[in-house]
Amino acid sequence: MTGTQQEPQILAQSAAAALAERTGSETHDIAVVLGSGWKPAADEIGQDGIEVPVAELPGFLAPVVAGHGGSIRSVEVGDKRVLLMLGRTHRYEGHPVHQVVHGVRTAAAAGCRTIVLTNAAGGIREGYWVGQPVLISDHLNLTATSPLVGAEFVDLTDLYSSRLRDVARGIDASLQEGVYAGLPGPHFETPAEIRMLRTIGADLVGMSTVLEAIAARAAGMEVFGLSMVTNLAAGLTGQPLNHLEVLEAGRQAATEMGKLLRELVVRA
Ligand SMILES: O=P(O)(O)O[C@@H]1C[C@H](O)[C@@H](CO)O1
Ligand SMILES: Nc1nc2[nH]cnc2c(=O)[nH]1
C-alpha cells in the first residue's frame, strides 16, 4: 500500500488495539453503526457493555450531529458474539473521507467480519411510510468520491449481503428492500432532485452509508444495511423537512428496530 493508504490503516489498527485494551475483548465479531436517532436501539441490542468515549480512541472525532452518540459500546450478545456499536462521522461535517470510514476500518481491525450499517433516510418509493424499516439491497454512490485510493478495484456486486437479507426476512417476512442513494448533504433534496433520484432507481435517500459500505467490503466484511424511513422525501408531502422530525421518527421506532437488530446479530 502507498503511504497515503497506510496511515488510515495504521490509525485503525491502533484504535482497535486501544479498544481491545479498554474493553478486555481481544476480538469482536460484529459491528453495528447507529444512524441518526438509532442510539436508543442500542439498549435493545445489548445494555450491559463497556462504553469507550470515541474521543479517547486514536483517529476518532467526537460526533457533532444530534442523534449520534459519543462512545463505542462493546457488548456480548447471544452465544458470546461480541458486538461493537458505534456512531458515525458524516462527509458533510467537512472531514476527509478516511475520517468518515475510520470507524468501519477500526471495527475490521478489531476482528469484525460482519457490519450492520443503519441510517435515517427519506422515503422515495410509493407506499413507504414513516417509521418503516427497509433492507438496503443496493446503493447509488452519489458522493462523487470513494474511501479507496489507488488501484484497489473492489467488486461491489452483492455489496449488501443477500444472505443477511434472507436472515432478516426470516425474522420479519414483511421487510421490504430498497436502493439507497447516498448524497453529500447536509442540505436535504429539492423536489426536482427527488424526481430525478426516483427516475434513476433510488427508493431511499440519505447522507451516509455508501462510503462506509465500500470501505467495509474492501476490508473483507459482510455488509448488511438497514434504513429507517424517517420522512417522505422532499416534495412528496408538500411539507418542509427537518432533522428533528428525523430524530423523532427514529426514536419512536428504536425499540422495535433494536429487537430486529438483536435477533439479526444473533443469527448472522
Ligand atoms: O447518519 P444518518 O445517515 O442516519 O442521518 C441522516 C442523514 C443526516 O445525517 C440526517 C439528516 O436528518 O439523517
Ligand atoms: N439526504 C437525505 N437524508 C435524510 N435523512 C433522513 N431523511 C433524509 C432525507 O430526506 N434526505
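Order of appearance sets the numbers: ligands from 1, and atoms from 1 within every ligand. Positions are given from 1 along the sequence.
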Exercise. Under a strict 4.0 Å criterion on non-hydrogen atoms, which protein residues are in contact with ligand 2?
Worked result: Ala120, Ala121, Gly122, Phe188, Glu189, Val205, Gly206, Met207, Thr230, Asn231, Leu241, Val246
Under a 4.0 Å N-O cut-off, is there an ion pair linking [X] with [Y]?
X	Y	answer
Arg73	Asp43	yes
Glu76	Arg81	no
Arg251	Glu248	yes

Under 4.0 Å to a heavy atom of [X] - the qualifying atoms of ligand 1, by number:
X	value
Gly35	4 (O)
Phe188	11 (C), 12 (O)
Asn119	3 (O), 4 (O)
Arg88	1 (O), 2 (P), 3 (O), 4 (O)

Is [X] close to ligand 1, meaning an N/O of one under 3.5 Å from an N/O of the other?
X	value
Ser208	yes
His90	yes
Thr118	no

Exercise. When hydrophobic residues are tied together by side-chain contacts of less than 4.5 Å, even through go-betweens, does Val116 share a cluster with Leu164?
Worked result: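 Yes, it is one cluster - the side chains of Val116 and Leu164 are joined through contacts under 4.5 Å.
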Problem set entry | Residue pairs fulfilling salt bridge (charged side-chain N to carboxylate O under 4.0 Å, His left out) with at least one residue in residues 17-28, sequence neighbours excluded |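 Residue pairs passing salt bridge (charged side-chain N to carboxylate O under 4.0 Å, His left out), neighbours aside: Arg22-Glu56.
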Seminar exercise, completed: By salt bridge (charged side-chain N to carboxylate O under 4.0 Å, His left out), Glu177 pairs with (sequence neighbours left out) Arg165, Arg169
Exercise. Can you name the residues that form a ring-ring contact (aromatic ring centres under 6.0 Å, His included) with His102, not counting sequence neighbours?
Worked result: Phe60
Exercise. With side chains defined as the heavy atoms from C-beta onward, is the minimum distance between His98 and Leu11 less than 4.5 Å?
Worked result: no
Problem set entry | Region of Trp38 that comes within reach of ligand 1 [heavy atoms, distance under 4.0 Å] | neither
For this session: Tell me which part of Val246 gets within contact of ligand 1: side chain, backbone, both or neither, using heavy atoms under 4.0 Å.
Result: side chain
Exercise. Between Arg198 and Asp203, is a salt bridge (charged side-chain N to carboxylate O under 4.0 Å, His left out) present by the stated rule, with each step listed?
Worked result: CA-CA 7 Å; Arg198 177 177 281 158; Asp203 299 302; over 6 Å; no
Problem set entry | Arg163 vs Glu222, salt bridge (charged side-chain N to carboxylate O under 4.0 Å, His left out): CA-CA, chis, key distance, verdict | CA-CA 9 Å; Arg163 181 188 78 84; Glu222 189 176 16; 2.9 Å; yes
